[in-house]
Amino acid sequence: MHLLPIDPEESHRARMERKKAVVDAAIARADQDKGLLLVLTGNGKGKSSSAFGMVARALGHGLHVGVAQFIKGRSDTGEEAFLSRQAGVVWRVLGEGFTWETQDLTRDTETAQNGWAVARAMLRDASLGLVVLDELTYLLKRGWLDLATVLADLEARPPMQHVVITGRGAPDALCDAADTVSELRDVKHAFRAGVRAQKGVDL
Ligand code: ATP
Ligand code: MG
């Protein structure tokens, strides 16, 4: 059999043309707009910081944003200092008062319920184009909040409102309900090599 010599330029051009056709078709198929539910979970770093990146994106487009922080790790984060001051941002810390030491279940459940009432109000506020529920998964994992109630409130939100939920160990039912789910994988983290949390990176 006689094989024609392959022209690398021509072969590259043909391959790229086929690829472009596939990408163009996929873009043409994605013609819907809707409020999205995103879940950012897993043990790797990058969940909350990704959510706050979306807050910046949303503000850049003139959307109003609600942020509910369910577990307050520390009070000196750059995201809170910067974003909570921006026009169009409602920033609520709802996780103060969980009793890690005394493990008072009744009190923790009450704190969680009160926090969820604030989050629910955000989910009913059509003026908010993006709502971030940071570290919500822990309340679900510990049974402080009822998953069915949370799913029902998410489902009932305004059709164009986007919601981002962060936290490790997101329940399967929450991932099933979401439109976009990312699981951050912990490959390595500087903390384990003895580097303390760095401003601008970790807080
Ligand atoms: P970030 O806010 O940096 O995006 P995250 O939301 O993915 O982190 P969390 O579990 O909420 O992760 O932890 C918050 C803090 O712990 C941050 O300072 C982060 O850098 C740090 N951290 C996150 N993942 C790890 C890890 N796998 N090992 C050690 N520290 C971590
Ligand atoms: Mg986080």
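One-based numbering, in listed order, for ligands and for the atoms of each.
Follow the hydrophobic side-chain contacts under 4.5 Å out from W144 and you reach L140 in the same cluster. Taking hydrophobic clusters as Ile, Leu, Val, Met, Phe, Trp and Tyr residues chained together by side-chain heavy-atom distances below 4.5 Å, I165 does not share a cluster with L38.
If you check which protein heavy atom lies closest to atom 27 (N) of ligand 1, you get N43 O, 3.0 Å. Atom 8 (O) of ligand 1 has G46 N, 3.7 Å as its closest protein atom, hydrogens excluded (heavy atom only). From the protein, the heavy atom lying nearest to atom 3 (O) of ligand 1 is K45 NZ, 2.5 Å. Regarding atom 2 (O) of ligand 1, its nearest protein heavy-atom neighbour is S48 CB, 3.4 Å.
Using a non-hydrogen distance threshold of 4.0 Å, E79 does not register as a contact of ligand 1. Heavy-atom separations between G44 and ligand 1 include at least one value shorter than 4.0 Å. Proximity of T166 to ligand 1 is not established, as no heavy-atom distance is less than 4.0 Å. Using a 4.0 angstrom heavy-atom cutoff, D186 counts as in contact with ligand 1.
For residues 18-62, the pairs satisfying ring pair (Phe, Tyr, Trp, His ring centres under 6.0 Å) are F52-W91, with sequence neighbours left out. For residues 21-38, every residue pair satisfying the side chain to side chain donor-acceptor pair (under 3.5 Å) rule, not counting sequence neighbours, is listed here: K20-D24, K34-D179.
Of the possible donor and acceptor atoms, one in the side chain of D202 sits under 3.5 Å from a partner among the backbone N and O of Q198. At distances below 3.5 Å, at least one donor-acceptor pair connects side-chain atoms of K45 with backbone N or O atoms of V201. Looking at H162, its side chain does come within 3.5 Å of a backbone N or O of L36 through a donor-acceptor pair. In this structure, the side chain of R157 does not engage the main chain of D153 through any donor-acceptor pair within 3.5 Å.
Across all non-hydrogen atoms, the minimal contact from D134 to Q69 is OD2-NE2, 3.4 Å.
Of the candidates Q198, H189, K188, H189 brings a heavy atom nearest to atom 29 (C) of ligand 1. Closest to atom 11 (O) of ligand 1 by heavy atom, among R185, K47, E135, R74, is E135. Between R196, R192, R168, it is R168 that holds the heavy atom closest to atom 23 (C) of ligand 1. Within the set V187, D202, V195, the minimum heavy-atom distance to atom 20 (O) of ligand 1 is found for D202.
For D76, the salt bridge (Lys or Arg N to Asp or Glu O under 4.0 Å) partners are R74, not counting sequence neighbours.
For a threshold of 3.5 Å applied to N or O pairs, the pair formed by F191 and ligand 1 contains no separation below that value. Ligand 1 has no N or O atom lying under 3.5 Å from any N or O atom of S50, backbone or side chain.
Between D186 and R168 the shortest side-chain heavy-atom distance does not fall below 4.5 Å.
Within the 4.0 Å heavy-atom criterion, both parts of S49, backbone and side chain, lie near ligand 1. By the criterion of a heavy-atom distance under 4.0 Å, neither the backbone nor the side chain of L184 is placed next to ligand 1.
Once rounded to the nearest 0.5 Å, the distance linking CD of Q161 with CE of M122 reads 10.0 Å.
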| task | Check step by step if side chain to side chain contact (heavy atoms under 4.5 Å, CB included) holds for D125 and V131. | result | CA-CA 10 Å; D125 182 350; V131 174; over 6 Å; no
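The protein does not reach atom 14 (C) of ligand 1 closely, with no heavy atom under 4.0 angstrom from it. Counting protein heavy atoms under 4.0 angstrom from atom 6 (O) of ligand 1 gives one or more.
Of all protein atoms, those that are N, O or S and lie under 2.8 Å from the Mg ion (ligand 2) total 2.
For the 3.5 Å distance criterion, the side chains of E135 and S48 qualify, holding a donor opposite an acceptor.
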